[in-house]
Amino acid sequence: MKKTNTAAIDQDLMAAAGGLIDRRAFLRQGMALGVGGAGLVTSAALAGTGRESWQQVPGLPFSGYGQPSAHEREVIRWVSANSQAPGNGIAWTPLHKLDGIITPSGLHFERHHNGVPQIDPERHTLLLHGLVKRPLTFSMDALLRYPRVSRYCFVECGGNSNAGWNEEPIQTPVGYFHGLASCSEWSGVPLVVLLEEAGVEPEAGWIIAEGADAAAMNVSIPLDKAREDTLVALYQNGERLRPENGYPLRLILPGFEAVLNVKWLSRLQVAREPVMARNETAKYTELLPNGKARQFSFVMEAKSFITEPSPGYRMRGPGLYQISGLAWSGRGRIKRVEVSADGGSSWAEAALQEPVLPQCFTRFRLPWQWDGSPRILKSRATDETGYQQPERAALIAERGRHGYFHYNAIVSWAVASDGSISHVYA
Ligand SMILES: Nc1nc2c(c(=O)[nH]1)N[C@H]1C(S)=C(S)[C@@H](COP(=O)(O)O)O[C@H]1N2
Ligand SMILES: [Mo]
């Protein structure tokens, strides 16, 4: 076996079996632990000779809108369009290539039922009507004069991670498994402000929202959620919404499945009952083992997975690594993420990167001394309500095998001794 520096690590720093190191140790003692990632200094570097071409000529001029480095051109969404129905399909966020908690706007996942409408904001309006005292319409200019608030939160399709139901574990980079979820700073007008201006009638219980795309997609939103924290979002990560994500305005319902976040929002009808649209009857419901189906299962439950390392990565031999991943919960803040390197027998608590915000991506990290032997890595999230992400077997026992939406079980990556990583059910 290859010689490793495991022996050099103080056993007091070990947090769980399989080489998981105490979460507080890495930043403080990374050097002492022996990351070994840096190269040796060459005499040419010391002498200042061998200057690169870009050090010898002026750089490119200023640009109106910056783009990623040409060396990062493979960090793109993975498009999976439905060839039978043009405009219908998805594009995944490459979560395995990103760090931190914010998804760059150009990499936010996409789900369209009928393509991206090319809306002229001068001609677009929002209609608010139904069980209200004063039906109102808003031009975009008028909406931009209302008070705005900002919040960081994830948007996750209810169908995200559904490959987890497959009989065999899907072998794909993690972004193409869990990347129908993205996280942004959204700024817009609290919906309650518009509702108060229109004056909601006491018998109202729901709001039916509709978009201006040719899909004319509509859904029903509980009035409580509309009043609590729903945003009519106009800005995404500081700039106006991207066309793919709903320009010029969309709904954001923090923590709820993304189908309710109607894009290209054009109509809000206050109603007594839900409308029973396709996306709340035929879709976004889950058939249970007893033959009944869950309906209006809005909240996205706690989820986590390791993005680094993950399938597609190759370990560069035994030594010290930093495990990193994402966790979130539609019910509130993430309280704890634990990591296992022995298939779930022992767990170590990961460090949560600040800020830890409700209904928002939370980044976790943990140092790991890999000794080169086969290992099974898992992560497990617990949110502030005490809800803990279930093992796959427990999720299937509860929900049966006919589900498609709301898959949030613990994910396992097998690290082989050759350094390759695969998805396993363990
Ligand atoms: N008008 C409209 N709104 C829509 C959709 C759509 O096709 N049309 N798709 C919904 C679904 S199923 C999802 S998952 C989210 C996707 O949002 P995104 O494309 O900004 O990621 O938008 C929702 N809102
Ligand atoms: Mo969705």
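For ligands, and for the atoms within them, numbers begin at 1 and follow the listed sequence.
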Notebook entry, point to check: When you measure from the centre of the six-membered ring of Trp165, is the NZ or CZ of Arg392 under 6.0 Å away and within 45° of the axis?
Noted result: no

Next item on the list: Answer with yes or no whether the side chains of Ser161 and His178 bring together a donor and an acceptor at under 3.5 Å.
Entry: yes

Notebook entry, point to check: What class does the angle between the rings of Phe296 and Phe298 fall in, given that below 30° is parallel, 30 to 60° is tilted and above 60° is perpendicular?
Noted result: tilted

Checklist line | Protein residues having a heavy atom less than 4.0 Å from any atom of ligand 1 | finding: His108, Phe109, Glu110, Arg111, His112, His113, Cys157, Gly211, Asp213, Met217, Glu244, Asn245, Arg250, Ala258, Val259, Asn261, Val262, Lys263, Trp264, Tyr284

Margin query: Using a strict threshold of under 4.0 Å (side-chain N to carboxylate O), is an ion pair present between Arg365 and Asp99?
Written below: yes

Next item on the list: Would you sort out whether Asn408 and Glu301 count as a side chain to side chain donor-acceptor pair (under 3.5 Å), showing the intermediate values?
Entry: CA-CA 7 Å; Asn408 72 321; Glu301 299 286 9; 5.5 Å; no

Next item on the list: Can you run down the side-chain hydrogen bond (donor to acceptor under 3.5 Å, both in side chains) pairs that involve residues 125-137, sequence neighbours left out, and say none if there aren't any?
Entry: His129-Arg267

